[in-house]
Amino acid sequence: VSVETKTRDNVFVTLVVSVQYQVRRDHTFDAFYKLTNSHSQISSYVFDVVRASVPKMNLDDVFLEKEAIARSIRNELTKSMSNFGFDILQALVNDIAPAAKVKEAMNDINAAQRLRLAAYEKAEASKVKVVKEAEAEAEAKYLQGAGVARQRQAIVAGLQQSVRNFKDSVTGIAAHDVLELMLVTQYFDMLREVGANSKTNTVFTPGPSGGEGGAAELVGDIRRSMLEAGCVQSMSRA
């Protein structure tokens, strides 16, 4: 039996119902003479039950409550058709078919929900990636800073040890003079590294004076001599 009805959310839907029945042996007379058309009578009861129960449900609930609808049909038919000598064996809701446009809309809604979930998961993955990259960058900078700090500590410790060793080896010299001498040595190392590259542009700036006869004054004299020599060479090329 094919029954068209409307749900509570105003969607027209067609239900296909199958009913299995048989004549009771002790009520053969009633089955053949009380009803002129048993099939039509059963169809009428099916229409009545479906159109009484489905309009109370939303479309989604109709799919969920298919078994309940089938039980209602069976119970109503059993109660009604037993007076006419029929036993209702089973009632089945074989198909629930909304309109084609409704099916298409339901599929579109499902697809949109899945796309939204996929976009959310993709955004979460991107968020995790960005957070992890930021955490890794922060950890790298922290470790780099710790390494630089340890390097400077090692340099200071080495300078202190060198000053102590120099003072122990040479008497009558102050720690300040030893440190200036070491800085002059590093200054010469820097000049050698700068001069090794012909494409290097270097600007010399005057430094603080270390006093008369100090190593800083010696460094200043060397720097001024190199600058004057560079100017003379430039003027001679011109």
Side-chain angles (χ1 to χ4, degrees), residues 1-140:
V1 181
S2 179
V3 184
E4 184 180 20
T5 185
K6 186 179 72 170
T7 62
R8 187 169 65 177
D9 48 353
N10 297 321
V11 176
F12 282 91
V13 61
T14 301
L15 279 73
V16 179
V17 181
S18 297
V19 179
Q20 298 174 356
Y21 63 94
Q22 66 181 9
V23 177
R24 295 164 59 182
R25 291 186 178 182
D26 55 341
H27 289 76
T28 306
F29 179 83
D30 294 336
F32 280 95
Y33 291 102
K34 281 190 174 182
L35 288 178
T36 57
N37 190 338
S38 60
H39 181 272
S40 176
Q41 186 69 21
I42 291 174
S43 298
S44 298
Y45 281 116
V46 170
F47 271 86
D48 182 67
V49 173
V50 170
R51 289 179 175 174
S53 56
V54 171
K56 300 176 182 178
M57 306 177 185
N58 292 325
L59 180 60
D60 293 338
D61 296 333
V62 174
F63 285 93
L64 295 175
E65 300 295 332
K66 183 177 70 171
E67 296 297 329
I69 296 173
R71 284 195 302 269
S72 298
I73 294 172
R74 184 174 182 273
N75 294 336
E76 182 65 26
L77 288 176
T78 299
K79 182 174 62 176
S80 302
M81 298 301 293
S82 61
N83 297 327
F84 301 102
F86 288 92
D87 285 334
I88 305 301
L89 303 179
Q90 188 61 270
L92 302 173
V93 178
N94 293 331
D95 189 23
I96 301 174
K101 291 184 178 180
V102 175
K103 286 184 179 180
E104 185 177 352
M106 293 175 67
N107 290 333
D108 291 341
I109 292 172
N110 191 292
Q113 290 176 345
R114 294 182 180 275
L115 289 174
R116 183 173 59 186
L117 180 60
Y120 175 80
E121 294 296 335
K122 184 177 180 180
E124 283 294 319
S126 299
K127 174 184 174 182
V128 171
K129 182 180 179 181
V130 171
V131 170
K132 290 301 180 182
E133 288 179 351
E135 290 178 353
E137 184 178 359
E139 184 67 17

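Residue numbers run from 1 in the order of the sequence given.
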Chemist: Looking only at heavy atoms, what is the nearest atom pair of Y21 and S38, with distance?
Modeler: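 What the structure gives for the nearest pair is OH-OG, 3.9 Å.
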
Chemist: Name the residue from T5, V50, V102 that meets the side chain to side chain contact (heavy atoms under 4.5 Å, CB included) definition with V13.
Modeler: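 Going through T5, V50, V102 one by one, the side chain to side chain contact (heavy atoms under 4.5 Å, CB included) with V13 is satisfied by T5 alone.
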
Chemist: Can you confirm whether M106 sits close enough to L59 that some side-chain heavy atom of one is under 4.5 Å from a side-chain heavy atom of the other?
Modeler: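 Result yes, sub-4.5 Å side-chain heavy-atom pair found.
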
Chemist: Are the side chains of Q41 and S80 in contact, using a 4.5 Å heavy-atom criterion?
Modeler: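 They are not in contact (no side-chain heavy atoms under 4.5 Å apart), so the answer is no.
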
Chemist: Would M81 and Y45 satisfy side chain to side chain contact (heavy atoms under 4.5 Å, CB included), going step by step from the backbone distance to the final call?
Modeler: CA-CA 9 Å; M81 298 301 293; Y45 281 116; 3.9 Å; yes

Chemist: Keeping to residues at least two apart or across chains, list the side-chain hydrogen bond (donor to acceptor under 3.5 Å, both in side chains) pairs with something in residues 95-113.
Modeler: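 Found N110-R114.
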
Chemist: Nearest 0.5 Å please: distance from the CG atom of L92 over to the CD atom of Q20.
Modeler: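 If we round to the nearest 0.5 Å, L92:CG and Q20:CD are 6.0 Å apart.
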
Chemist: Are the side chains of T78 and R74 in touch, meaning some heavy atoms are under 4.5 Å apart?
Modeler: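 The answer is yes; the side chains approach within 4.5 Å.
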
Chemist: Distance from S53 atom OG to I69 atom CD1, nearest 0.5 Å?
Modeler: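 Here the rounded value is 5.0 Å.
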
Chemist: Which distance, rounded to the nearest 0.5 Å, do you find between the CE of M57 and the CD of E65?
Modeler: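 M57 atom CE to E65 atom CD measures 5.5 Å (nearest 0.5 Å).
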
Chemist: Please find the pair of heavy atoms, one from T7 and one from N58, that lie closest to each other, and give the distance.
Modeler: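 So the two residues come closest at CB-C, 4.3 Å.
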
Chemist: Going from CD on E4 to CZ on F12, what distance comes out if it is rounded to the nearest 0.5 angstrom?
Modeler: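 So the gap between those two atoms works out to 6.5 Å.
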
Chemist: I'd like to know whether V17 forms a side chain to side chain contact (heavy atoms under 4.5 Å, CB included) with I73, so could you lay out the CA-CA distance, the side-chain angles of the two residues, the decisive distance to 0.1 Å, and finally the verdict.
Modeler: CA-CA 9 Å; V17 181; I73 294 172; 3.9 Å; yes

Chemist: Please report the closest heavy-atom contact between A91 and A70, naming both atoms and the distance.
Modeler: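 Smallest interatomic distance, heavy atoms only, reads O-CB, 3.4 Å.
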
Chemist: Go through the steps to decide whether S2 and L15 satisfy the test side chain to side chain contact (heavy atoms under 4.5 Å, CB included), and finish with yes or no.
Modeler: CA-CA 6 Å; S2 179; L15 279 73; over 6 Å; no

Chemist: Taking only residues at least two apart or on different chains, which pairs with a member in residues 127-137 satisfy side-chain hydrogen bond (donor to acceptor under 3.5 Å, both in side chains)?
Modeler: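 side-chain hydrogen bond (donor to acceptor under 3.5 Å, both in side chains) check on residues 127-137 returns E137-K141.
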
Chemist: Check whether any side-chain heavy atom of E76 sits under 4.5 Å from a side-chain heavy atom of V46, and report yes or no.
Modeler: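 E76 vs V46: side chains apart.
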
Chemist: Evaluate the side-chain proximity of V19 to Q90: yes if any heavy-atom separation is below 4.5 Å, no if none is.
Modeler: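 Contact flag for Q90/V19 side chains = no.
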
Chemist: Nearest 0.5 Å, please: how far is CG in L77 from CG in L89?
Modeler: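 L89 CG to L77 CG: 11.5 Å, rounded to 0.5 Å.
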
Chemist: Is the side chain of D48 donor-acceptor paired with the backbone N or O of S44 at a distance under 3.5 Å, no angle test?
Modeler: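 Checking the backbone N and O of S44 against the side chain of D48, no donor-acceptor pair under 3.5 Å is found.
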
Chemist: State, with a plain yes or no, whether a side-chain heavy atom of V1 is found less than 4.5 Å away from one of V16.
Modeler: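 No. Closest side-chain heavy atoms not under 4.5 Å.
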
Chemist: Run the side chain to side chain contact (heavy atoms under 4.5 Å, CB included) test on V11 and K6 for me, step by step, so that the C-alpha distance in whole Å, both residues' side-chain angles and the decisive distance to 0.1 Å come before the verdict.
Modeler: CA-CA 5 Å; V11 176; K6 186 179 72 170; over 6 Å; no

